[in-house]
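In what follows, a single structure is set out as structure tokens and then discussed.
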Amino acid sequence: LCLFYNSISIYSDLSPHVADMLFSKGAFIFFITAFNILGYSTLRLSSWLNSQYALNIRKRWKIITIYIAVTLLFFLLNYSLLIVGKLLVGSYNIFIFPNGGWRILFLVWLVELVIVGLLLSNRSIQNTLKLQQEAAKVIGYFEICNIFAKKISEMDKIIGLGNALVDVLATLDSDEILTKMDLPKGSMTLIDEDKLLKINEEFSRMKTHLATGGSAGNAIRGMAQLGAGTGFIGKINNDSYGNFFRESLLKHGTEADLLVSDTLPSGVASTFISPDGERTFGTYLGAASTLKAEELSLEMFKGYTYLFIEGYLVQEHDMILRAIELAKEAGLQVCLDMASYNIVAGDHEFFSLLVNKYVDIVFANEEEAKAFTGKEPEEALDIIAKMCSIAIVKVGARGSLIRKGTEEVRVEAVPVAKVVDTTGAGDFFAAGFLYGLTCGYSLEKCGKIGAILSGEVIQVIGTELPDSK
């Protein structure tokens, strides 16, 4: 690109008439097009550089500094080559390019610098693309530049299907209340309105924390915070909990396909956090349970690459099968999180149907894997991997086992000083893993990203991670 532009610029001194004709016929349009191709390549290179340091967020600004220095050096080198070329042909008017070309070069460099800088700063990719499109209009060649903006925006997107729930979290001094409420420790138990009222009475005497919840909702929010394109399908009521859930999705840039129930209140997951960090759910589904197969449409799934389904939905067989049918018709891969060992054990036959026939990627912890296969993690992984494309078995503090075909990797868990609350650990692991897949990373790197997110979320109460994390 430098040689092309310098050649044209130098040639203008030798044959101004020919050079003017070239410029009037669109040489600058070609130049801007070529520079955007370079810009796209730079984005890919920057993405690779970022991936090398993404496991240590403190180095992000170091990468930005390196990028600024390198691109500025590139600009100065290009200008130096031009000066040398003009001196060689005997031109002394070395500081003015034909048609103000150096200003265009410098402006485009600034535009691309801002774009990549924002990307490396982990800002919203969609906002960045809007910036590029606006910048393209400023330099007068928006039709050409928009082509490349659209190319960059063609990233894999993920849509979640799950129970739209709000978590009400309480930290326990002992597990006595779990016995009192007949909730098996570490499980998710569906409750009716009467039990919800009893739990609320207990919670009224305790300090509680409010957060958006639901397995798929947590995973989608984690992916959105990483910069992935996300969507969510669920059902709420237009009450305070429902509005809280909707606003949380929109805040993180997730497309919210939220249907509304007029009869039942929004779902609530009463979350008990034991002294050892284990969490137990008493879940009142409310409006979330009224999502039906006939309410789903093909349009909801178009434009996405993956559908992430939480296992807590399996009680609605028709709705799950309809969602998978529409997703497959739209060309999506289906991911299933098995959710909870008691859910798997209670509907084993349907889980087997889903994994054997429809699901591409399966997430399970060791209890869920054992409930599904009757085997310990290593053997369970082997069995599940033969049924789908990618199988992941999470083994707590020992990390995770991942298998795709004949490729198998083990990823160690990230050590943490203190486990505060394991709520969302599996959901955020899935978020990191799937984000890695959308970036084209290896299974090992996908697992490492999942492990990092999982390690971060268990150090806070609830599933709200600051963007800085």
Side-chain angles (χ1 to χ4, degrees), residues 159-171 177-178 180-183 187-221 231-252 254-273 279-296 300 309-320 322-323 339-340 342-343 423-424 427 461-464:
I159 187 165
L161 175 67
N163 290 315
L165 302 175
V166 173
D167 287 347
V168 181
L169 304 105
T171 302
I177 191 174
L178 299 181
K180 183 178 178 180
M181 291 296 162
D182 194 26
L183 298 173
S187 70
M188 191 290 291
T189 304
L190 295 177
I191 62 174
D192 56 22
E193 193 168 356
D194 289 340
K195 182 167 282 191
L196 175 64
L197 292 174
K198 292 178 182 177
I199 291 174
N200 287 344
E201 186 179 346
E202 295 288 338
F203 276 3
S204 67
R205 297 188 289 271
M206 304 167 66
K207 184 178 179 181
T208 58
H209 174 73
L210 203 65
T212 53
S215 179
N218 289 336
I220 289 299
R221 186 172 65 257
F232 182 84
I233 300 171
K235 198 164 186 177
I236 59 171
N237 186 295
N238 277 329
D239 53 19
S240 58
Y241 284 149
N243 291 332
F244 180 84
F245 189 89
R246 181 191 292 109
E247 288 167 8
S248 177
L249 291 181
L250 298 177
K251 171 185 167 185
H252 293 101
T254 297
E255 297 175 24
D257 275 317
L258 293 174
L259 301 162
V260 178
S261 169
D262 297 324
T263 55
L264 292 175
S266 297
V268 179
S270 302
T271 309
F272 302 84
I273 305 167
R279 79 278 187 271
T280 304
F281 297 99
T283 304
Y284 172 71
L285 293 176
S289 65
T290 65
L291 181 61
K292 301 300 179 185
E294 55 270 19
E295 294 179 294
L296 302 177
M300 291 179 173
I309 302 174
E310 63 177 65
Y312 294 120
L313 286 178
V314 296
Q315 71 274 8
E316 293 292 339
H317 293 189
D318 291 342
M319 191 269 291
I320 289 288
R322 176 62 175 161
S340 179
N342 56 333
I343 299 291
T423 305
D427 305 331
I461 293 178
T463 59
E464 295 282 349

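Along the sequence shown, residues are numbered consecutively beginning with 1.
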Inset, instruction - Go through the steps for Val168 and Val268 under the test side-chain contact (heavy atoms from CB on, under 4.5 Å), then give the verdict. - result: CA-CA 7 Å; Val168 181; Val268 179; 3.7 Å; yes
Inset, instruction - Name all residues meeting the side chain to side chain donor-acceptor pair (under 3.5 Å) criterion together with Ser340; count only those two or more places apart in sequence or in a different chain, and write none if there are none. - result: Asn342
Legend entry - Distance-minimising heavy-atom pair for Ala164 and Ala288: N-CB, 3.9 Å
Inset, instruction - For Leu291 and Leu259, run side-chain contact (heavy atoms from CB on, under 4.5 Å): C-alpha distance rounded to whole Å, both residues' side-chain angles, the deciding distance at 0.1 Å, then the answer. - result: CA-CA 8 Å; Leu291 181 61; Leu259 301 162; 3.2 Å; yes
Inset, instruction - Check whether any side-chain heavy atom of Asn163 sits under 4.5 Å from a side-chain heavy atom of Leu313, and report yes or no. - result: yes
Legend entry - Pair listing, salt bridge (charged side-chain N to carboxylate O under 4.0 Å, His left out) test, anchored in residues 286-295, at least two apart: Lys235-Glu295, Lys292-Glu316
Inset, instruction - Rounded to the nearest 0.5 Å, what's the gap from CD1 on Ile177 to CG on Leu183? Could you check? - result: 8.5 Å
Legend entry - Residues in salt bridge (charged side-chain N to carboxylate O under 4.0 Å, His left out) contact with Glu247, at least two apart in sequence or another chain: none
Legend entry - Tyr284: partners by ring-ring contact (aromatic ring centres under 6.0 Å, His included), with sequence neighbours left out: none
Legend entry - Nearest non-hydrogen partners of Ala216 and Gly162, listed with the distance: CB-CA, 4.0 Å
Inset, instruction - Answer with yes or no whether the side chains of Ser266 and Asp239 bring together a donor and an acceptor at under 3.5 Å. - result: yes
Inset, instruction - With rounding to the nearest 0.5 Å, note down the distance linking CD in Glu255 to CD1 in Ile159. - result: 7.5 Å
Legend entry - Taking every non-hydrogen atom, the tightest pair across Ala256 and Leu249: CB-CD1, 3.9 Å
Inset, instruction - Name all residues meeting the side chain to side chain donor-acceptor pair (under 3.5 Å) criterion together with Thr263; count only those two or more places apart in sequence or in a different chain, and write none if there are none. - result: Ser261
Inset, instruction - Please tell me if the side chains of Leu210 and Val166 come closer than 4.5 Å, counting only heavy atoms from C-beta onward. - result: yes
Inset, instruction - Decide yes or no for Asp182 and Lys195: does some side-chain heavy atom of the first lie under 4.5 Å from some side-chain heavy atom of the second? - result: yes
Legend entry - Inter- and intrachain pairs under salt bridge (charged side-chain N to carboxylate O under 4.0 Å, His left out), touching residues 259-269, at least two apart: none
Legend entry - Ser187: partners by side chain to side chain donor-acceptor pair (under 3.5 Å), with sequence neighbours left out: Thr189
Inset, instruction - Please assess Leu161 against Glu310 for the test side-chain contact (heavy atoms from CB on, under 4.5 Å), listing each intermediate value before the final yes or no. - result: CA-CA 7 Å; Leu161 175 67; Glu310 63 177 65; over 6 Å; no
Inset, instruction - Only counting residues at least two apart or in another chain, list the ones meeting salt bridge (charged side-chain N to carboxylate O under 4.0 Å, His left out) with Lys207. - result: none
Legend entry - By ring-ring contact (aromatic ring centres under 6.0 Å, His included) - contacts of Phe272 (at least two apart): Phe203
Inset, instruction - Mind running side-chain contact (heavy atoms from CB on, under 4.5 Å) on Thr290 and Leu264 for me, showing each step along the way? - result: CA-CA 8 Å; Thr290 65; Leu264 292 175; 3.7 Å; yes
Inset, instruction - Working to the nearest 0.5 Å, report the span between CG of Leu258 and CZ of Phe232. - result: 7.0 Å
Legend entry - Heavy-atom check, side chain of Glu202 versus side chain of Lys180, under 4.5 Å: yes
Inset, instruction - Not counting sequence neighbours, which residues clear side chain to side chain contact (heavy atoms under 4.5 Å, CB included) with Leu190? List them please. - result: Met188, Thr283, Leu285
Legend entry - Partners passing salt bridge (charged side-chain N to carboxylate O under 4.0 Å, His left out) against Arg246 (at least two apart in sequence or in another chain): none
Legend entry - Straight-line distance of Ser215 OG to Ile220 CD1, nearest 0.5 Å: 10.0 Å
Inset, instruction - Verify whether one side chain among Thr254 and Arg221 offers a donor that lies under 3.5 Å from an acceptor in the other. - result: no
Inset, instruction - Without swapping roles, check the side chain of Ser248 against the backbone of Phe245 for a donor-acceptor pair under 3.5 Å. - result: no
Legend entry - Beyond-backbone contact of Ile343 with Tyr312, side-chain heavy atoms, under 4.5 angstrom: yes
Legend entry - Which residues share a side chain to side chain contact (heavy atoms under 4.5 Å, CB included) with Asp194, sequence neighbours left out: Asp192
Legend entry - Which atom of Ile236 lies closest to which atom of Gly242, heavy atoms considered: CD1-O, 3.5 Å
Inset, instruction - Please determine which of Thr212, Asp167, Asp427 meets the side chain to side chain donor-acceptor pair (under 3.5 Å) test together with Asn218. - result: Asp427
Inset, instruction - To the nearest 0.5 angstrom, please state how far the CE atom of Met319 sits from the CZ atom of Arg322. - result: 12.5 Å
Legend entry - Distance-minimising heavy-atom pair for Met206 and Thr171: CE-O, 3.9 Å
Legend entry - Inter-residue atom distance Asn238.CG - Asn243.CG, 0.5 Å rounding: 6.0 Å
